[in-house]
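The structure appears right after this line, and notes come after that.
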Amino acid sequence: MHELLDLTSLPFIEELYKAWLQNPASVDSGWQRFFSDFHGGGSLDLGTPRREPQVAGRGSIAVAESGASAADGPGRSKQSRVDSLLWAYRDVGYFYAYLNPLRPKHEPSRNYLYPRAKGAYEQLSIEAFGLSEEDLDREFSAGRAMKPARARLREILKAFQETYCSTFGVEFLHIQNKPIRNWLLQTMESCRNKSDFSTGRRKEILEDLIKAEEFEQFLHKTFIGQKRFSLEGAEVVVPALHSLVNTASGSGIDEIVIGTAHRGRITLLNQILNMPAEEIFTLFEDNHKPGQYGGSGDVKYHLGYSTDHGHEDGSSVHVTLVSNPSHLESVDGVVEGKTRAVQSLSRWGSFMRATKRVLPVILHGDAAFSGQGVVAEIFNLSQLRGYHTGGTIHVIINNQIGFTTSSRDSRSTFFPTDVAKMTSVPVFHVNGDDPQAVVYAMDLALRFRQKMSQDVIVDIICYRRHGHNEGDEPSFTNPRMYRLIREHPGVTSKYAETCADLGVMGKEEQKVLRKEYAAGLRRALKTARENPPEPTLKPFQGDEWAGLHGRYTQEAVPTGVKRKTLEAVSDTLTRIPDGFNIHSKLKRILDDKRQRLEQEGTVDWAFAEALSFGTLLLEGVPVRLSGQDCERGTFSQRHSAWWDTESTQALPYLPLNHLKADQARFFAYDSPLSEYSILGFEYGFSLNSPRTLVIWEAQFGDFCNGAQVVIDNFIAAAKTKWQRSSGLVLLLPHGYEGQGPEHSSAHLERFLQLCAEQNMEVCNLTTPAQYFHLLRRQMKRDFRNPLVLMSPKSLLRHPLAVSRMDELAQGHFRPVLDAPPVSADLDSRDAAAGGSGRGVKRLILCSGKVYYDLWERRQELEAFDTVVLRVEQLYPFPADALGTALEDYPHLRELLWVQEEPENRGALRYMREQFLKNFPDRPFTCVSRPASASPAVGSHRQHVAEQRELVERALGGARGVAKGTARGGAGEAATDAPGKLSAGSAGGKRPTAKSAKRGKA
Ligand SMILES: Cc1ncc(C[n+]2csc(CCOP(=O)(O)OP(=O)(O)O)c2C)c(N)n1
Ligand SMILES: [Mg+2]
């Protein structure tokens, strides 16, 4: 009957039980026996406590999991009550654990969180489970893991209290995966969540604590009032991380990638990353040489660093601390991506093996962990094909406060960690005043991660001795807490007492250690002041960056590919493997592509992209593409993965991985619906993978502002702040096509505003060939820069937006294009009308898709005195190329920047500024949509009207000569175009559908 007792059948059992109570004969004989057995030991009270039937159910699971005998004779029902009680310890023991160092030992910790919750939670008393004092001396089974397996209840409960309610508490029953849950149960109960600490290990812990405390206090006294975000109150983090680093290599780990926020970062730089004290003090003295840490640098508590930790057995672990900005938790995705990139290096044979070799560790603040949504995003990535890293160890410095905000105002949950419980993550809560418990928790976390390849959390509950920073007075807002903190002895002094008592390190020895360490710090300070050291921060990144330098140049890079190679790649991309059942529509698409190639020799946008990927793969450059729905492509244009319609295979066929045997690999991952974490991830990946083409594609460029923190703080600024380069490509679908305010604009203007010091490239292209060359250029140069590309939507299928194969076979990316698109007859008419610039009176400059609208209208109007020139690379501004192009048109009367974006968006203001700077003598007028608070209109009709109006204004009067003024302001181009708005106002009223109709030529 036990197999019936799962949780899902409880309501059914309740019904049966009620029926049995009224009339035992109304249920079958098996149930009669069961209920009378149960009843024999007391009553199965279905009302109070409410959980009893559940607990009985859980108890039965406990029996199954612990292997306790179901046949316990007359005491069986008691055993099941004991099982229930023991299960409750596993379930809620952490509520009763002694976790909060600021509270007296015997008070249940839950009280510190929500006094009002008293009584609302499971009580771990024997009475609540129908057991009595006499039962304490009866023998019961304690399950399979606990030793001894049978004992008096009194002893069993003592063991369970030690295991689940000591200075270590654990949440793990939310993990549905049974083997994982069983492993934890077995591991924790068999050792009662304690390990034997040798004298040597205890000594290490004490030394770490003493040094952490001394270092903190030295900074406190020496650099009075300077921000360092003191670690005091959480010094135990130092032995915790030290222990992790020390045990890592024994667990097969070669590298650890750490991300951490401000709290204690400086101490960790010194004590875990081995950044010499002299260097740190130099930063405090602020006498480091300009440019020493790259560009304008960053504050000292954001710096990254790396070191090798050697061990006595000759092994070593490489530890990296990732640079991060102030924006809390923004580094999480970067840590994961960076880790994944290291794991992807071929050094370890297989990726799965590599995940066991490279460990990500993220330290969080309690307020940030529960408050910043990106944390949940990161947990969501943890088990995904394209983003998992074999499990991350999360350490929370839970000082029970965020700046001035108390835990109660920070979250709706008991613990900050609750937000992570959506995944199979065990949560180890540990009292920060018990260093051995903390180190044990770290050990267990590492074992768990190595065994299960899952994330794990160590929540160190501690306190913050001082204010948020060194100028902050914490008792304005938290007077009671800070009174307790003031009276609270530091963890070091407590542990020092214990160690002295145990003979681990005598008081005298401790004193000597402190003295000598402090003397060393004083010497380091002297050096920093008198002879500041050269930085050991490497000016550039690791080995994988060998051969790449950071200097930007605009020099053209030949990126053409032999026709034969292009044809071979094309063939694979359009050939359906034997026996593969391809979707009929996809087959048609592929047939079309092949036909176009064979008959016209042209490629469209998506095919040019595939050819750039394919040719790079053949040259040994892996390609990683990630983004929402990117495998197929949002616009059904890419089809990089083909699904066999008849197969049950879990993975699709990726034609790009079938080019030839020794090619590099193509990776395409449909990402979760997140921008922030994924862009952080891909940026992190690019940091360690400069030889991989790493691309993040937004569904629509509009959504990239969900990742604005990553764009502002990493992509735009990392080189200047931290000397960290990245070759990441952002594909941001952009263009005004009547799809509404949030499907039109990739916020081009914001990227251009961020541009300085050649920090990235921002492009908006018009031909597949340009796209092909640009992607290839990204990998063919000997430096890396992020590339932000306004990618097309309607151009994916525009009949003019095609390129000839020979445009791919030779040449290079051109930042400025003045060639018309493929259309021989139009070309010849153009030439006949004067061609080669001599008859050109008006020059229209534009970028991206609007070019085709302008071009087509120009052709309709036969306005051959007008040339439309495309600025394909907006930043760095192609002054030379543009200057050369302008020279071709000596008789210009008008120069017009035309954009489809509203006046306050797009490149308009940027272009005006660049023209003023680079071509001050050139008239520069603009045509755009009127300035608008919303990026685009909602009505498609309205959009069409606006677009027509825009083109008419741009080309108005093109039959004659434009009456353009050169006053230099947006929307100041006067026009005599039909259907014009108020004279010369690009920023005037929006056109109505009616006026647009009139305007249509
Ligand atoms: C995204 C973001 N918002 C706000 C801040 C400002 N800020 C800096 S530290 C801090 C409190 C952080 O509390 P917690 O995460 O608990 O870390 P602690 O300082 O207590 O170690 C705040 C709000 C920030 N740095 N980042
Ligand atoms: Mg905090």
Side-chain angles (χ1 to χ4, degrees), residues 99-102 112-113 212 216 227-238 240-241 258-269 298-302 323-334 362-378 394-411 413-420 429-430 432 457-478 481-482 484-485 675-677 679-680 705-714 717 721:
L99 298 178
N100 186 355
L102 296 179
Y112 96 84
L113 292 158
E216 281 284 339
K227 266 195 206 175
R228 71 175 198 282
F229 297 102
S230 152
L231 188 64
E232 283 173 83
E235 295 95 329
V236 74
V237 171
V238 173
L241 288 180
I258 304 181
T260 182
H262 53 289
R263 180 72 47 215
R265 194 183 170 106
I266 289 173
T267 301
L268 298 183
L269 268 171
D298 199 354
V299 290
K300 45 198 166 291
Y301 41 85
H302 288 167
S323 315
N324 69 281
S326 284
H327 290 57
L328 293 167
E329 306 294 348
S330 64
V331 79
D332 301 3
V334 180
I362 305 180
L363 280 84
H364 311 262
D366 50 323
F369 192 84
S370 55
Q372 293 289 304
V374 70
V375 172
E377 292 186 21
I378 292 298
H394 298 269
V395 179
I396 303 186
I397 303 179
N398 184 351
N399 53 19
Q400 311 180 56
I401 194 165
F403 205 152
T404 65
T405 306
S406 68
S407 305
R408 192 173 307 179
D409 290 328
S410 262
R411 54 183 188 259
T413 54
F414 275 135
F415 290 97
T417 49
D418 288 6
V419 67
H429 302 289
V430 60
I457 300 174
V458 178
D459 174 30
I460 302 177
I461 300 170
C462 49
Y463 54 92
R464 192 186 68 194
R465 176 146 316 272
H466 307 290
H468 173 62
N469 59 47
E470 285 51 46
D472 192 43
E473 171 51 66
S475 40
F476 283 145
T477 48
N478 300 78
M481 185 187 200
Y482 270 82
L484 284 174
I485 291 173
E675 284 76 29
Y676 192 175
S677 62
L679 185 56
N705 56 6
Q708 200 65 46
V709 175
V710 181
I711 294 166
D712 290 342
N713 298 347
F714 291 95
K721 291 194 291 189

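All ligand and atom numbering here is 1-based and tracks the order in the structure.
Closest approach of Gly706 and Tyr676 over heavy atoms only: O-CB, 3.5 Å.
Glu232 contributes no side-chain N or O that, together with a main-chain N or O of Arg464, makes up a donor-acceptor pair within less than 3.5 Å. With hydrogens and angles ignored, the 3.5 Å screen pairs a side-chain donor or acceptor of Glu470 with a backbone N or O of Arg228. Judged by distance alone, the side chain of Asp472 and the main-chain N or O of Pro474 form no donor-acceptor pair under 3.5 Å.
The one candidate from Ile460, Asn100, Asp459 that meets the side-chain contact (heavy atoms from CB on, under 4.5 Å) condition with His429 is Asp459. The residue from Thr260, Thr267, Leu268 that alone fulfils the side-chain contact (heavy atoms from CB on, under 4.5 Å) condition with Val237 is Leu268.
Remark: the Asp332 side chain and the Gln372 side chain contain no N/O donor-acceptor pair separated by less than 3.5 Å.
Pocket lining of ligand 1, defined as residues with a non-hydrogen atom under 4.0 Å away: His262, Arg263, Ser326, His327, Leu328, Gly365, Asp366, Ala367, Ala368, Gln372, Asn399, Ile401, Gly402, Phe403, His468.
Taking 4.5 Å as the limit, some side-chain heavy atom of Gln400 sits within range of a side-chain heavy atom of Asn398.
Listed by chain and number, the protein atoms of type N/O/S under 2.8 Å from the Mg ion (ligand 2) are Asp366 OD1, Asn399 OD1, Ile401 O; waters are omitted.
Between the CE atom of Met481 and the OG atom of Ser475 there is a distance of 12.0 Å, given to the nearest 0.5 Å.
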